[in-house]
Protein chains: 2
Amino acid sequence: MREAGWCYGKLRRKGFRLTSPRQAILDVLAQNPRHLSAEEVFLLTHKSHPGIGLATVYRTLNLLTQVGIIRKFDFGDGRSRYELTAEEEEEHHHHLVCIRCGRIINYSDFMEKEKKFIKDLEAELSKKYQFKINSHQIYFYGLCKECQ
Amino acid sequence: MREAGWCYGKLRRKGFRLTSPRQAILDVLAQNPRHLSAEEVFLLTHKSHPGIGLATVYRTLNLLTQVGIIRKFDFGDGRSRYELTAEEEEEHHHHLVCIRCGRIINYSDFMEKEKKFIKDLEAELSKKYQFKINSHQIYFYGLCKECQ
DNA sequence: ATAATAATGAAAATCATTATCAACTATCAT
DNA sequence: ATGATAGTTGATAATGATTTTCATTATTAT
């Protein structure tokens, strides 16, 4: 699906080592559908690298989140989900979450319109609440096509 | 701060019993600042009703969430937070989350503007993804006044 | 009242996630 | 190359939030 090459340098530049477990986990994140849970990452990684433990998966996911290579989400089912960030930061997207089956749809349509709206709103909120905003998330909850 | 009377009937109508623990927990939610965690609800309830156990607090919070009397949020610090819903559904608000100290600010300014925007967006998304949207959440993450 | 059913408290169990620790490995200066 | 240093790892134990279990108690309809 995607390739994780660009991440390697990014890790290095921040002073972290590019080890084989980290590569394996990055590849799993790049080559699989999105919003994987830690356990899903572990199981997928385990196929090709049975030696890699769950603790390492968690550690690596946290590290990659710190560095900004992946992003951590919470869709309300009790486990965190992780998504590879786009190489250039421009592929920002939001989520539709099905409250019945848990399916998650990423959308990035209508982003132009949103971008302007969010920008204005951020400016107003920052001013009123003296809050330095550096990111946002928008979630829509409802029923997906299959679950209606 | 607020009073929880209107909730009682709502519980009954759905076929649940209005017991003293439930009343106590509802009162705590109504009379305290928002976005309380389960443990905070437990501790506050414990003051006036020392007999009420943590399990009952969790059970009641889940029940109230099901019924729609309260709403469950996840701000990313590992514990769920609960907020009493407004009696009329019009008091919808969004959140500013401080990524350093965890402080949460509810805002409901600019909602007119948001309302129109969200409505349009929902219409477009529903159509494109055949998704029946029934709620949404917007979070802004950043640094609060004190933490900057 | 009384039976039928729902709700409760205490404790144990579960689940995701994090910390611990000894063994291992990449990196850098020599 | 080599060895010292600090970063990483896997296995396991520990943690913290939430849920389940089960015997007991309270509430409702009869």
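Quick note on labels: first sequence line is chain A, next is B, and so on, each numbered from 1.
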Report the C-alpha separation of A:R100 and A:E146 in whole Å, then their side-chain angles, then the decisive distance to 0.1 Å, and conclude whether the salt bridge (charged side-chain N to carboxylate O under 4.0 Å, His left out) test is met. CA-CA 10 Å; A:R100 180 177 291 273; A:E146 278 72 29; over 6 Å; no

Select from B:Y82 and B:R12 the residue whose nearest nucleotide in DNA chain D is closer to the 5' end of that strand.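 Of the two residues, B:Y82 wins.
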
Given atom [atom1] of [X] and atom [atom2] of [N], what is their separation to the nearest angstrom?
{"X": "A:K14", "N": "D:dA6", "atom1": "NZ", "atom2": "P", "answer": "23 Å"}
{"X": "A:N62", "N": "D:dT9", "atom1": "CG", "atom2": "P", "answer": "13 Å"}
{"X": "A:D77", "N": "D:dT18", "atom1": "CG", "atom2": "C1'", "answer": "14 Å"}
{"X": "A:L63", "N": "D:dG7", "atom1": "CG", "atom2": "C1'", "answer": "11 Å"}
{"X": "B:R81", "N": "D:dA17", "atom1": "CZ", "atom2": "P", "answer": "10 Å"}
{"X": "B:Y8", "N": "D:dT27", "atom1": "OH", "atom2": "P", "answer": "14 Å"}
{"X": "B:Y58", "N": "D:dG16", "atom1": "OH", "atom2": "P", "answer": "12 Å"}
{"X": "A:L61", "N": "D:dT8", "atom1": "CG", "atom2": "P", "answer": "15 Å"}

Assess whether one donor atom and one acceptor atom, taken from the side chain of A:R59 and the base of D:dG10, lie less than 3.5 Å apart.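 Side chain to base: pair found, below 3.5 Å.
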
Is there a donor and acceptor pair, one atom on the side chain of B:R17 and one on the base of D:dT27, closer than 3.5 Å?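 Result: at least one qualifying N/O pair found.
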
Base, sugar-phosphate, or nothing for [X], non-hydrogen atoms under 4.0 angstrom?
{"X": "A:T19", "answer": "sugar-phosphate"}
{"X": "A:L18", "answer": "nothing"}
{"X": "B:S80", "answer": "sugar-phosphate"}
{"X": "B:S20", "answer": "nothing"}

Any idea how B:H95 and B:H93 line up, ring-wise: parallel (<30°), tilted (30 to 60°), or perpendicular (>60°)?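 The rings of B:H95 and B:H93 stand perpendicular, inter-plane angle above 60°.
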
Under a 4.0 Å N-O cut-off, is there an ion pair linking B:E112 with B:K115?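 Counted as a salt bridge, because a side-chain N and a carboxylate O are separated by less than 4.0 Å.
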
If you take any heavy atom closer than 4.0 Å to DNA chain C, which residues from residues 42-49 of chain A end up in contact?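 The answer is none.
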
Could you report the tightest heavy-atom contact between B:D27 and B:A4, atom names first, then the distance?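 Shortest heavy-atom separation between B:D27 and B:A4 comes out as OD1-CB, 3.8 Å.
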
A:Q148 and B:Q130: which non-hydrogen atoms are nearest, and at how many Å?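 Shortest heavy-atom separation between A:Q148 and B:Q130 comes out as NE2-O, 2.8 Å.
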
Would you check if the side chain of B:R12 reaches a backbone N or O of B:L18 as a donor-acceptor pair within less than 3.5 Å?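 No, because the side chain of B:R12 does not come within donor-acceptor range (under 3.5 Å) of the backbone of B:L18.
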
At the 4.0 Å heavy-atom cut-off to chain B, mark where contacts on DNA chain C begin and end, going 5' to 3'.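 Under 4.0 Å from chain B, the extent on DNA chain C is C:dT5 to C:dA11.
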
Give me the bend of the helix from C:dA1-D:dT30 to C:dT30-D:dA1, using the axes of the five pairs at each end, rounded to 10°.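 The angle separating the two end axes equals 40°.
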
Expected list for residues 58-65 of chain A: side-chain donor-acceptor pairs under 3.5 angstrom, two or more places apart:
from: A:R59; atom 1: NH2; to: A:T56; atom 2: OG1; distance (Å): 3.3
from: A:T60; atom 1: OG1; to: A:T56; atom 2: O; distance (Å): 2.7
from: A:T65; atom 1: OG1; to: A:L61; atom 2: O; distance (Å): 2.7

Salt bridge (charged side-chain N to carboxylate O under 4.0 Å, His left out) partners of B:K14, counting only residues at least two apart: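 Result, salt bridge (charged side-chain N to carboxylate O under 4.0 Å, His left out) vs B:K14: none returned.
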
Between A:E114 and A:Y107, is there a side-chain donor-acceptor contact under 3.5 Å, judged purely by atom types and distance?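 Yes.
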
Are a donor atom and an acceptor atom from the side chains of A:E83 and A:N106 found within less than 3.5 Å of each other?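 Indeed, the side chains of A:E83 and A:N106 share at least one donor-acceptor pair under 3.5 Å.
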
Sequence neighbours excluded and cut-off under 3.5 Å, please list the side-chain donor-acceptor pairs for residues 132-141 of chain B, or say none.
from: B:H136; atom 1: NE2; to: B:H92; atom 2: NE2; distance (Å): 3.3
from: B:H136; atom 1: NE2; to: B:H94; atom 2: NE2; distance (Å): 3.1

Do B:C98 and A:F131 touch side chain to side chain, with heavy atoms closer than 4.5 Å?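 In short, these two side chains touch, coming nearer than 4.5 Å.
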
